[in-house]
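Inspection log for the structure reproduced underneath, given as structure tokens.
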Amino acid sequence: MEIVLARHGETEWSRDRRHTGRTDIPLTEAGRRQAALLRGALAGRDFARVLSSPLSRALETCRLAGLGERAELSDDLLEWDYGEYEGI
């Protein structure tokens with residue numbers, strides 16, 4: 001068995017090294033390009049299961065990587081809840 005993990009593409013907050021947590025920050029243009037590049041890296045693989053966080057940055061990454069239609073949403077893949085540190 002092989003497990004492939006991919007993180008979402010760049011967001012404004014991840015680029016600026018801010019705690020993103022559960023705030024639903026969209027991908028930047030660079031993040032969209034990163035996700036599109038992932039499509040090539042995953043080409044030819046046959047996945048038994050595709051899981052994604054329900055946040056838009058993860059779903060868009062999954063879609064741009066060519067796996068969006070197969071994605072099963074899982075709250076277990078949500079990022080940490082940073083509380084008052086969110087965005088810092």
Side-chain angles (χ1 to χ4, degrees):
M1 177 191 310
E2 181 179 26
I3 296 174
V4 177
L5 299 175
R7 189 172 189 266
H8 62 77
E10 178 191 79
T11 67
E12 183 180 324
W13 283 13
S14 66
R15 179 194 63 213
D16 296 342
R17 303 183 58 81
R18 296 167 64 184
H19 293 294
T20 306
R22 296 194 175 180
T23 303
D24 204 1
I25 304 294
L27 297 177
T28 61
E29 283 302 316
R32 287 184 195 84
R33 285 192 302 274
Q34 292 167 344
L37 288 171
L38 187 57
R39 179 185 289 258
L42 299 177
R45 291 179 176 263
D46 183 30
F47 293 102
R49 195 167 184 201
V50 177
L51 299 171
S52 175
S53 161
L55 295 176
S56 65
R57 61 185 173 265
L59 285 171
E60 185 173 11
T61 298
C62 195
R63 182 182 58 79
L64 291 169
L67 299 169
E69 291 182 14
R70 301 194 46 212
E72 299 173 39
L73 304 185
S74 174
D75 286 346
D76 289 336
L77 295 175
L78 284 167
E79 293 194 42
W80 290 54
D81 183 349
Y82 289 104
E84 64 187 53
Y85 289 104
E86 190 86 1
I88 296 175

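Please read these numbers as outputs of a predicted model, since none were measured by experiment. Along the sequence shown, the residues carry numbers beginning at 1.
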For the residue pair Arg49 and Leu51, what are the closest heavy atoms and their distance?
NE-CD2, 3.8 Å
Under 3.5 Å donor-acceptor pairs involving side-chain atoms of residues 3-10, not counting sequence neighbours:
| from | atom 1 | to | atom 2 | distance (Å) |
| --- | --- | --- | --- | --- |
| His8 | NE2 | Arg57 | NE | 3.3 |
| His8 | NE2 | Glu79 | OE2 | 3.1 |
| Glu10 | OE1 | Thr28 | OG1 | 2.6 |

At what distance, to the nearest 0.5 angstrom, does CG of Leu38 lie from CG of Leu67?
7.5 Å
Residues two or more places apart in sequence or in another chain: which of them pass side-chain hydrogen bond (donor to acceptor under 3.5 Å, both in side chains) with Thr11?
Ser14
Separation of Arg17 CZ from Arg15 CZ (nearest 0.5 Å):
13.0 Å
Atom CG in Leu27, atom CD in Glu12: separation rounded to 0.5 Å?
12.0 Å
Can you list everything that forms a salt bridge (Lys or Arg N to Asp or Glu O under 4.0 Å) with Arg39? Sequence neighbours excluded, please.
none
Show every salt bridge (charged side-chain N to carboxylate O under 4.0 Å, His left out) that has at least one partner inside residues 20-29, sequence neighbours left out.
Glu29-Arg32
Leu64 and Val50: same hydrophobic cluster, using ILVMFWY side-chain contacts below 4.5 Å?
no
Could you list the cluster mates of Leu59? Members are the ILVMFWY residues connected by side-chain heavy atoms closer than 4.5 Å, either directly or through other members.
Leu73
Among pairs that include at least one residue of residues 24-65, which meet ring pair (Phe, Tyr, Trp, His ring centres under 6.0 Å), considering only residues two or more places apart or in two chains?
none
Quick check: are there more than 12 heavy atoms from other residues, nucleotides or ligands sitting under 6.0 Å from CD of Glu69?
no
Go through it in stages, so that I can follow the logic: the residues are Arg45 and Glu2, the test is side chain to side chain contact (heavy atoms under 4.5 Å, CB included), and I'd like the CA-CA distance, side-chain angles, deciding distance and then a yes or no.
CA-CA 11 Å; Arg45 291 179 176 263; Glu2 181 179 26; 3.2 Å; yes
With rounding to the nearest 0.5 angstrom, report the CZ to OG distance, Arg63 to Ser52.
12.0 Å
Check whether Arg18 reaches the backbone of Gly87 with its side chain - one donor and one acceptor, N or O, closer than 3.5 Å.
yes
For the student: nearest non-hydrogen atoms of Pro54 and Ser74, plus distance:
CD-O, 3.5 Å
Scanning both residues in full, the closest heavy-atom pair of Leu78 with Ser53 reads CD2-OG, 3.7 Å
Where the side chain of Glu86 meets the backbone of Thr23, is there a donor-acceptor pair that is under 3.5 Å apart?
yes
Taking all non-hydrogen atoms of both residues into account, name the closest pair between Ala71 and Cys62 and its distance.
CB-SG, 3.7 Å
Compare all side-chain heavy atoms of Arg33 with those of Leu37 and state whether any distance is below 4.5 angstrom.
no
